[in-house]
Amino acid sequence: MNRIITLTTDFGTRDGFVGAIKGVILSINPRALIVDITHDIEPQNIRHAAFVIAASAAYYPPKTIHVVVVDPGVGTTRQPIVANARGMFFVAPANGVLALVMPRDSNTQTFLLNESKYWLREISNTFHGRDIFAPVAAHISLGVPLTDLGELIDLKSEPDWFPKIGTHRNGEQVGQIIHVDRFGNLITNFSAETLDAAKSKPMIKIAGRQLRGLKQTYADGARGELIALINSFGLMEIAIRDGNAAQELQARVGTPVTIL
Amino acid sequence: MNRIITLTTDFGTRDGFVGAIKGVILSINPRALIVDITHDIEPQNIRHAAFVIAASAAYYPPKTIHVVVVDPGVGTTRQPIVANARGMFFVAPANGVLALVMPRDSNTQTFLLNESKYWLREISNTFHGRDIFAPVAAHISLGVPLTDLGELIDLKSEPDWFPKIGTHRNGEQVGQIIHVDRFGNLITNFSAETLDAAKSKPMIKIAGRQLRGLKQTYADGARGELIALINSFGLMEIAIRDGNAAQELQARVGTPVTIL
Amino acid sequence: MNRIITLTTDFGTRDGFVGAIKGVILSINPRALIVDITHDIEPQNIRHAAFVIAASAAYYPPKTIHVVVVDPGVGTTRQPIVANARGMFFVAPANGVLALVMPRDSNTQTFLLNESKYWLREISNTFHGRDIFAPVAAHISLGVPLTDLGELIDLKSEPDWFPKIGTHRNGEQVGQIIHVDRFGNLITNFSAETLDAAKSKPMIKIAGRQLRGLKQTYADGARGELIALINSFGLMEIAIRDGNAAQELQARVGTPVTIL
């Protein structure tokens with residue numbers, strides 16, 4: 001059984017929330033291997049968490065247990081779930097944080113977490129990360145089958161903001177920025193495959209600016225030049241060599257990007 | 001023997017202090033399981049550290065070793081100690097960082113760390129986290145009994161700032177803010193038990209504002225409403241739905257709160 | 001075989017880069033013990049990384065594998081290397097990040113990483129931390145000898161900025177600030193040994209200010225006093241008691257410091 005449990009949260013580390021979550025996991029399974037992916041998701045930013053877990057999860061071994069807790073609806077009717085997708089387990093609130101790791105047409109199985117015997121004995125209204133998600137992950141790492149944790153449900157995995165690619169009459173494809181990284185680079189939802197199918201030197205438009213073709217690496221741009229490249233996650237990224245594209249273009253998550 | 005050693009410090013991670021502490025522990029016990037609780041305690045803020053370790057420690061398995069290093073008096077006469085409390089071990093300077101985890105009337109045993117053979121060979125004047133606390137924790141994880149580490153002492157565990165609850169002539173109980181979390185929520189020293197003993201709908205006053213009764217969850221408040229609830233640590237918390245209570249009320253650690 | 005792999009990067013944790021790196025390591029060696037030294041190196045600041053790994057590495061057990069990824073030249077001709085120095089392994093780009101851990105006259109062996117079978121199958125142009133450095137470190141932790149990873153090279157380990165100590169005609173020794181810590185303390189390249197060889201009460205000059213002699217500890221200074229002491233890394237440090245020396249002196253990495 002895989003002992004790896006990753007954590008992706010918006011708790012920061014200055015309040016003791018993460019310390020408590022780790023303690024709960026280790027109290028149930030002292031052999032669990034806890035891996036911090038991040039606790040620096042922007043507070044309550046579901047899209048941010050969705051990107052980070054999608055960028056990370058693919059690299060983990062089979063049966064890794066990923067806990068993703070960005071949970072603005074904690075204590076309300078949003079559902080706590082565990083999903084079996086891509087050979088791994090994802091424990092999270094059903095609020096869209098898993099939208100980018102669970103392909104729509106996949107064999108993903110999703111279970112509603114409603115068996116309270118795998119939770120802490122007392123459940124607060126404000127901290128299900130500690131009280132439900134952490135103990136459930138620890139029990140999975142001990143071999144509890146998902147079918148014991150709750151009932152199979154049919155989950156619409158695609159939230160409103162799910163980044164689709166549309167096509168204009170003139171043939172332009174319309175995507176959007178799905179993440180702004182710490183350097184201000186703008187990551188789009190155009191994949192390398194989409195671009196391969198397009199022209200070899202696409203015309204790219206964003207925020208009133210346009211540029212043609214893709215660079216191989218940041219260093220191929222001139223200092224201060226606006227460039228596009230396929231980034232390490234296989235997605236088209238807009239960057240400024242030695243600069244901050246998000247600031248200069250006043251672009252953010254959701255800003256449209258078109259290619260022709 | 002429990003191999004779990006948690007770290008709670010104000011070192012940040014940008015200077016190599018934490019990297020050194022982890023290396024010292026692993027050099028003494030390569031099988032130690034190091035758990036980061038936080039390195040983001042506000043520099044030299046003892047009350048902040050006292051809250052975070054209290055909020056986290058309760059969830060760890062018996063015999064966990066908690067290292068807490070916020071140590072403005074390093075190199076002076078403040079005493080390095082290890083305490084056996086709640087079935088766990090706490091390694092720290094005796095400056096109040098353990099005030100909230102060590103109940104006054106408990107069976108806590110405290111030892112002065114004065115056996116230098118369990119320290120690094122060279123002791124700096126400015127970094128006992130690496131030179132004393134880390135190696136002592138590692139030796140405990142290898143099974144060294146506390147009695148070998150130094151002599152039993154009688155430690156007044158309650159610092160000046162220890163948050164007591166007083167009572168006014170009119171029956172009002174007077175507590176205070178003991179922590180401000182990253183969302184600006186104000187955590188008081190009124191426990192759920194204290195409030196149970198009070199009226200069912202207490203009148204709460206803070207910073208010139210008042211409110212009546214407790215909500216179950218943040219979502220029960222209207223947008224922008226000042227609310228009180230029992231938080232996930234079992235303490236009364238003052239919050240603003242979708243807002244920052246600390247900013248709006250100009251409240252901070254130590255700000256008085258009354259209930260009637 | 002040592003299973004400890006430390007990580008020192010400038011990736012932060014908000015973008016999923018670190019999550020991916022950890023997954024790659026654990027997919028190759030699920031028994032690896034990953035230790036976060038820091039992900040908060042200032043973006044692309046090679047000197048900052050060089051200081052932090054030098055301050056940390058000495059405390060780790062033999063055969064520890066240190067991965068240091070601050071890599072502004074990723075995708076260009078800068079060489080990926082592994083060095084065997086001080087009985088440990090350092091996996092990094094050859095851009096100076098290892099300058100302070102690899103003594104010039106040592107028995108250090110350096111290998112160019114050019115055996116792609118120990119890398120991920122697909123190599124991006126922008127993220128060799130995940131695609132080359134992480135898998136190489138994981139393979140070393142499984143026992144792959146360095147000679148299998150690439151060819152022995154002769155690496156000039158000393159970058160332009162390497163902090164040397166010069167001597168003026170009047171006998172003054174000229175060093176510099178090599179790191180500013182989170183408290184604003186200024187760490188110089190004068191070691192305790194250099195100072196032992198100097199006068200017992202050296203005259204120290206920095207940024208138009210001067211002071212005489214060394215204190216034992218921060219607490220020996222008066223409030224607001226500019227002091228010098230030997231810090232926990234064995235280097236002379238300039239500090240202001242209860243203040244921020246970097247701000248008050250407008251000093252930074254590279255600022256000259258003289259002693260006489």
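Residue numbers begin at 1 in each chain, while the letters A, B, ... track the order of the sequences.
C:L26 touches chain A through backbone and side chain together, each having a heavy atom under 4.5 Å away. Heavy atoms closer than 4.5 Å to chain C are found nowhere in A:D220, neither backbone nor side chain. There is no contact between A:I41 and chain C, counting heavy-atom distances below 4.5 Å. Contact of A:I53 with chain C is not made at all, since no heavy-atom distance falls under 4.5 Å.
C:R130 contributes atom CZ, which lies 10.0 Å from atom OG of A:S56 (distance to the nearest 0.5 angstrom). Atoms CD and CZ, from A:E42 and C:R14 in turn, are 7.0 Å apart once rounded to the nearest 0.5 Å.
Using a 4.5 Å heavy-atom cutoff, the side chains of A:Y59 and C:L120 are in contact. For the pair A:N231 and C:N125, the minimum side-chain heavy-atom distance is 4.5 Å or more. Here the side chains of C:K22 and A:I37 are not in contact, with every heavy-atom distance at 4.5 Å or above. Residues C:S27 and A:P61 meet the side-chain proximity criterion, which asks for heavy atoms closer than 4.5 Å.
Per-residue counts of heavy-atom pairs under 4.5 Å with chain A were compared for C:P43, C:S124, C:G75; the largest is that of C:P43. Ranked by non-hydrogen atom pairs under 4.5 Å with chain C, the options A:T6, A:L229, A:D242, A:D36 are led by A:D36. By number of non-hydrogen pairs under 4.5 angstrom with chain A, the leading residue of C:D15, C:T126, C:T13 is C:D15.
A:R182 and C:H39 get closest at one heavy-atom pair: NH1-O, 4.0 Å. When all heavy atoms of A:A55 and C:A20 are compared, the closest pair comes out as O-CB, 4.0 Å.
Ring to ring, A:F233 and C:F17 are close: their centroids are under 6.0 angstrom apart.
The backbone N or O of C:G19 lies less than 3.5 Å from a partner atom in the side chain of A:Y60, making a donor-acceptor pair.
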